[in-house]
Amino acid sequence: MTNAQWNPGSDHGADAVHNDAGLRAFWREFFCDASEQSRVLDIACGEGSATAAVVGKNSLIIGLDISLDALRVFGAGGKKYSVCGRSAVPPLADGGFDFVVSQFGVEYGGGDAFDEAVRLLAPGGRLAFIIHYKGGSIWNEVAGRRAEIEALDTAGPFLGVARSYVAALFAVERGGGSAARAREEAARFKPILAEVQTLAQKPGHHLAAHLVGGVQTLLANRAGYILEDITGWLTQMEKELDAGRARIEAMLTAAQSRESIKAIAARYSEAGLSVSPLDDITLDGRDRPAAWILKAARQAFD
């Protein structure tokens, strides 16, 4: 069976971001004065990249995420606790945290999530968010993946037609199938295959190349497979594409422009927080900013 080489559900190369030296340095500096009395909240925590610098300081670290899988990874990374919930309506008490942080997460909850972060911040507490930059390097990469999917969709329902063709072909080759039906399915499949092959030859269309290569490999070696192996792979690819579409749209929508991030900073100032000058960060191996840095602090006594 073929191995996946193109992940439509990944919005920014999670491993590369997790290991980015600049981000690690940012969080080390931000948490330099955390202590065993510190209460830390990581919003939309994922695997806990933002709070890795606090592990070992015996701080109380809580991760908030809607994904139970993410929370399991988060909890395995050190002395941490987790809460399953949405960042727009976190089930947590007012002013409960000395540090409120997020790395590529809080923006998915929209304006309510940014407001709730203020509610959760204790007097004297500080918050820091790494936020997707609309038009930045990650945003452009993800927009490119959306364009790949849209181009594939324009060619037609490649995976579904391939599945019908394979089923008809197996039926004929392994007895009892209709040759006329197989010819009909071949007549539907081959023009779409040709379109996707043409697309796969164009620069940047890794998805089409991956799917064409997978389908052709499975067809060429079909004698070694049962029908369910091949149709199962095709169905799994469809599911990954659907999930990828949703994640891509969510990321592109969540990313903040200069105007929108300034508006959030202004709202924080109006709420009485001391907001640091707006900044951005460029990740390893990229030539343009990938994220906004938003930092703010609450006075010890409002």
Side-chain angles (χ1 to χ4, degrees), residues 5-34 40-57 59 61-65 67 69-78 80 82 87 99-109 113-114 117 126-146 206 244 247-248 250-258 261 264-265 276-296:
Q5 299 295 324
W6 191 94
N7 181 5
S10 174
D11 61 2
H12 50 62
D15 289 341
V17 171
H18 179 69
N19 294 314
D20 183 82
L23 287 176
R24 292 201 309 271
F26 171 82
W27 292 119
R28 282 197 302 270
E29 180 180 354
F30 181 75
F31 285 119
C32 65
D33 57 351
V40 181
L41 174 64
D42 189 348
I43 297 175
C45 60
E47 62 185 45
S49 298
T51 49
V54 198
V55 175
K57 295 190 175 187
S59 301
I61 309 171
I62 294 179
L64 174 71
D65 206 294
S67 168
D69 289 338
L71 291 175
R72 277 190 282 270
V73 176
F74 180 87
K80 302 176 181 178
S82 58
S87 57
F99 296 92
V100 176
V101 301
S102 181
Q103 179 170 297
F104 297 122
V106 66
E107 62 268 38
Y108 287 89
F114 285 105
R126 292 184 286 137
L127 63 79
F129 299 146
I130 302 293
I131 300 166
H132 280 299
Y133 189 126
K134 186 175 182 179
S137 60
I138 292 175
W139 192 93
N140 286 335
E141 290 172 13
V142 175
R145 293 181 183 180
R146 178 174 64 181
H206 307 292
R247 289 174 181 148
I248 285 168
M251 182 268 156
L252 294 177
T253 300
Q256 301 293 313
S257 66
R258 181 174 296 276
I261 202 71
I264 294 167
S276 299
L278 188 61
D279 201 359
D280 57 49
I281 187 168
T282 299
L283 303 186
D284 294 342
R286 292 178 167 90
D287 60 0
R288 62 189 304 172
W292 297 109
I293 298 174
L294 178 60
K295 294 193 294 182

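All of these numbers come straight from a predicted model, not from anything done at the bench. Computed over heavy atoms, backbone and side chain alike; hydrogens, waters and symmetry mates excluded.
- Qualifying salt bridge (charged side-chain N to carboxylate O under 4.0 Å, His left out) partners for Arg24, counting only residues two or more places apart in sequence or in other chains: none.
- With sequence neighbours excluded, the residues forming a side-chain hydrogen bond (donor to acceptor under 3.5 Å, both in side chains) with Asp33 are Arg126, listed by chain and number.
- For the atom pair CZ of Arg247 and CZ of Arg145, the computed distance is 11.5 Å after rounding to the nearest 0.5 Å.
- Within the 4.5 Å cutoff, the side chain of Phe129 has no heavy atoms near those of the Trp292 side chain.
- Residues meeting the salt bridge (charged side-chain N to carboxylate O under 4.0 Å, His left out) test with Asp280, sequence neighbours left out: none.
- We find the CZ-CG distance between Phe30 and Leu127 to be 6.5 Å, quoted to the nearest 0.5 Å.
- Between Ile43 atom CD1 and Glu107 atom CD the span is 10.5 Å, to the nearest 0.5 Å.
- To the nearest 0.5 Å, the span separating CH2 on Trp27 from CZ on Phe99 amounts to 11.0 Å.
- Arg258 is linked by a salt bridge (charged side-chain N to carboxylate O under 4.0 Å, His left out) to nothing, counting only residues two or more places apart in sequence or in another chain.
- Looking at residues two or more places apart in sequence or on another chain, you find a side-chain hydrogen bond (donor to acceptor under 3.5 Å, both in side chains) between Arg146 and Glu249.
- Put simply, CD1 on Ile61 and OG1 on Thr51 are 5.5 Å apart, with the number rounded to the nearest 0.5 Å.
- Listed by chain and residue number, Arg72 satisfy the salt bridge (charged side-chain N to carboxylate O under 4.0 Å, His left out) test with Asp69 (two or more places apart in sequence, or in another chain).
- No side-chain heavy atom of Lys80 sits less than 4.5 Å from a side-chain heavy atom of Ser82.
- If you take CD1 on Ile281 and CZ on Arg286, they are separated by 11.0 Å, rounding to the nearest 0.5 Å.
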